[in-house]
Amino acid sequence: MKKTFYPKLALSNIKKNSKTYIPYILTCILTVSMFYIVKSLSLNPGIDEMIGGDTIAFTMTLGSWIVALFAFIFLFYTNSFLVKRRKKEFGVFNILGLEKRHLAAVLGWETLYVMILSIAAGIGMGIALDKVMFLLIGKLVGADIVLGFFVDAKTILVTVELFAGIFLLILLNSVRQIHISNPIDLLRAGNAGEKEPQTKWLIAVTGVLCVGSGYYIALTVENPLASIFAFFIAVILVIIGTYLLFTAGSIAVLKLLRKNKKFYYKTKHFTSVSGMIYRMKQNAAGLANICILSSMVLVTVSSTSSMVIGIDDMLKTRYPSELSIISYENKEERNKELIDLVHKIQKEKNLHVSNEMQYTYLGFSAFKNGDTFLIERDASISAIDDMHVLIFLSLSDYNAIEGENKTLEENEILIYSNRVPYKESVLNLFGKQYVVKQRLEHFIGNGMAAADISNSQYIVVQDQTILNELYEKQKEAYGSHCSNIKLLYGFDCDDDSGEQKEFYYELSEQMKIQGFNAIAESREEERMSFASLYGGFFFIGVFLSTLFIMATVLIIYYKQISEGYDDKERFAIMQKVGMELREVKASIRSQVLMVFFLPLAVAGIHTAASFKLMSEILAILNFVNVRLYVLCTVIVYLVFAGMYTGIYVITAKVYYRIVSR
């Protein structure tokens with residue numbers, strides 16, 4: 001046998017199976033390209049020069065690992081469709097005299113062709129698009145544009161090694177499947193159907209319990225500190241439950257439909273329902289994958305786009321005043337000198353000051369247990385999810401900054417909760433009970449507390465004397481780790497961002513020279529850092545969503561091809577016994593619609609159930625504009641549904657062409 005036989009046969013096989021190979025190769029090229037781009041961006045020196053570049057680089061590094069893991073799982077999954085469709089072909093080759101080692105050689109050459117084309121074209125596309133992505137990130141974070149291309153040899157080497165390894169494992173898995181099968185099994189594998197599955201009520205009920213538990217966690221969690229951990233638990237439960245429901249629950253529903261004589265004994269329903277029952281085991285995994293990938297796209301894009309659009313809202317939450325100073329000085333005279341310095345620089349810079357506020361406050365952490373707050377040494381480790389930051393200020397300061405005229409009797413308090421509401425009627429601290437006179441709906445807040453992932457409770461006490469008493473008690477409790485009473489001064493101004501930054505730089509320098517124990521904060525100065533962080537999240541979110549959408553399209557495409565070939569003989573028999581072509585078409589449409597849009601509907605339900613939990617997680621990142629998040633979620637779902645419908649129209653035509661030939 002000539003040495004060129006196997007390479008030529010492999011090339012011929014790829015051409016003959018172009019309908020299944022071309023989408024697979026295009027997917028491999030895009031996956032390689034995406035990995036190269038994210039990896040290249042993580043190493044691009046231009047990223048380091050941006051404000052917040054460290055955050056962007058870390059995000060890109062994390063993204064490259066996610067893309068690598070996804071590529072491994074996804075390419076394995078899609079290759080399984082190719083192997084299944086071609087097992088009959090391999091069986092014929094085996095019967096005609098090609099041994100399994102010969103088939104392995106053919107598969108090796110096919111894999112080599114696909115690997116070389118995918119890696120070469122993917123890296124080429126990655127290099128071409130890398131600069132575009134870099135410019136896009138620069139645009140998102142408002143950084144200066146740097147000319148020239150960045151091509152990193154290390155990125156190319158890592159990309160080649162990663163995907164060469166993936167293709168090698170794919171080849172070994174394919175050879176394994178061929179090796180353990182006999183020629184008869186290979187001939188029948190392409191047409192092998194599923195036996196009618198039994199209705200496994202235990203699995204179906206377990207699926208309902210898993211999804212229900214995931215939904216319960218998502219809808220009931222209130223503590224942002226616990227939200228991230230709860231999110232992962234809920235996601236795992238919902239993924240497991242989705243697979244179980246699509247596998248067992250769908251069979252139960254289909255059998256219930258079959259028992260409904262009015263529904264089942266109609267031509268289009270009879271063929272579609274009976275066909276799906278016999279192959280539901282195979283369909284269920286694909287449908288569950290489509291549903292989970294769709295849910296990931298919806299949650300990822302809606303949350304990251306909300307953060308990018310709502311950067312101004314997040315900045316205002318973190319920095320309530322455009323410019324603010326927090327003093328840690330212990331002496332009142334030093335605080336007065338600091339405020340005089342601020343006023344002096346305001347006049348020198350001709351700032352148009354407005355919305356001034358000034359108050360002293362005491363803040364320290366405690367663990368909530370019912371209506372009692374415990375200090376660290378008395379708190380149980382099990383109460384870690386109930387950690388709160390308590391911020392106390394006097395009634396006179398509150399009335400001054402809010403323009404109110406409220407009054408308090410002895411041991412009465414006003415309380416404002418920035419995240420989780422305080423529902424109890426009294427508050428116990430250091431052995432003393434305070435009665436909650438009113439729960440405030442608004443307070444200008446403290447940016448430092450907003451940056452804390454813990455819940456914050458702003459508590460207004462009767463006067464400065466009580467504030468001083470609380471200071472002494474927490475000093476006794478926490479010792480060297482105690483908090484001091486701080487001074488917060490903040491204001492807004494109508495001047496442009498450049499003038500605000502000049503004031504901030506000058507004030508910071510003067511505070512350093514004069515030895516003030518204080519910090520200054522500028523909303524405009526931090527805008528770029530916020531844009532870098534959330535712009536990076538958005539970029540990775542869109543990138544990963546593109547991968548998920550690509551995976552969804554390919555799974556649907558291969559599923560429709562597989563279904564088409566499986567149904568072809570069945571519908572041919574139906575036509576021979578008198579079923580008209582229009583009835584065949586109506587039956588196809590009924591089956592495709594029933595199967596195709598189920599994952600989209602369930603993905604919408606998953607997204608809705610995750611909304612409250614995602615809102616809590618976004619609140620940790622200072623995003624509290626729930627209306628914007630709702631709007632982004634609805635728009636993303638409608639856009640995705642439109643894309644999904646377009647995929648349906650295309651794949652339905654492919655399915656119909658196969659069946660009706």
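Hydrogens, waters and symmetry mates play no part in the numbers below; they use all other heavy atoms, side chains included. This is a predicted model, so every value here is computed, not measured.
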| task | Applying side-chain contact (heavy atoms from CB on, under 4.5 Å), run through Ile239 and Val235 and close with a yes or a no. | result | CA-CA 6 Å; Ile239 288 175; Val235 166; 3.7 Å; yes

| said: Main chain of Lys8, side chain of Ser12: is a donor-acceptor contact present, judged purely on distance under 3.5 Å? | reply: no

| Ser33 side-chain N/O to Ile29 backbone N/O, donor-acceptor pair under 3.5 Å | no

| message | Is there a side-chain contact (heavy atoms from CB on, under 4.5 Å) between His606 and Tyr215? Walk through the geometry before answering. | response | CA-CA 8 Å; His606 285 348; Tyr215 284 2; 2.6 Å; yes

| side-chain contact (heavy atoms from CB on, under 4.5 Å) between Tyr637 and Thr607: does it pass, once the steps are laid out? | CA-CA 9 Å; Tyr637 184 81; Thr607 304; 5.5 Å; no

| message | As a test of understanding, state which of Ser295, Cys291, Ser294 forms a side-chain contact (heavy atoms from CB on, under 4.5 Å) with Val602. | response | Cys291

Test of understanding: with side chain to side chain donor-acceptor pair (under 3.5 Å), list the residues that count as partners of [X], not counting sequence neighbours.
X: Glu526; result: none
X: Ser174; result: Asn79
X: Ser305; result: none

Which atom pair, heavy atoms only, marks the closest approach of [X] to [Y]?
X: Lys501; Y: Glu524; value: CE-O, 3.6 Å
X: Leu298; Y: Gly604; value: CD1-N, 4.4 Å
X: Met614; Y: Phe231; value: SD-CE1, 3.4 Å
X: Cys210; Y: Ile240; value: SG-CG2, 4.1 Å
X: Cys632; Y: Ile309; value: SG-CD1, 3.9 Å
X: Pro599; Y: Ile290; value: CB-CG2, 3.7 Å

[atom2] on [Y] to [atom1] on [X], rounded to 0.5 Å:
X: Ile170; Y: Cys28; atom1: CD1; atom2: SG; result: 6.5 Å
X: Phe246; Y: Thr242; atom1: CZ; atom2: OG1; result: 7.0 Å
X: Thr111; Y: Leu168; atom1: OG1; atom2: CG; result: 9.0 Å
X: Phe35; Y: Leu162; atom1: CZ; atom2: CG; result: 5.0 Å
X: Arg523; Y: Asp312; atom1: CZ; atom2: CG; result: 8.5 Å
X: Ile37; Y: Thr155; atom1: CD1; atom2: OG1; result: 11.5 Å

| task | List in chain and number order the residues that pass ring-ring contact (aromatic ring centres under 6.0 Å, His included) with Tyr629, two or more places apart in sequence or in another chain; answer none if no residue qualifies. | result | Phe611

Quick one: does [X]'s side chain get under 4.5 Å of [Y]'s, heavy atoms only?
X: Val211; Y: Leu244; value: no
X: Phe623; Y: Ser303; value: no
X: Met125; Y: Leu30; value: yes
X: Arg627; Y: Val630; value: no
X: Tyr24; Y: Ile14; value: no

| said: I need the single residue from Lys15, Glu110, Lys16 that forms a side-chain hydrogen bond (donor to acceptor under 3.5 Å, both in side chains) with Tyr21. Which is it? | reply: Glu110

| task | For Ile217, check side chain to side chain contact (heavy atoms under 4.5 Å, CB included) against everything at least two apart and list the hits. | result | Ala230, Ile233, Ala234, Leu237

| message | Could you work out, with side chain to side chain contact (heavy atoms under 4.5 Å, CB included) as the rule, every residue matching Leu112, not counting sequence neighbours? | response | Trp109, Met115, Ile116

| said: Determine whether Ile156 and Tyr36 satisfy the following criterion, side-chain contact (heavy atoms from CB on, under 4.5 Å), listing intermediate values before the conclusion. | reply: CA-CA 7 Å; Ile156 295 175; Tyr36 176 88; 3.7 Å; yes

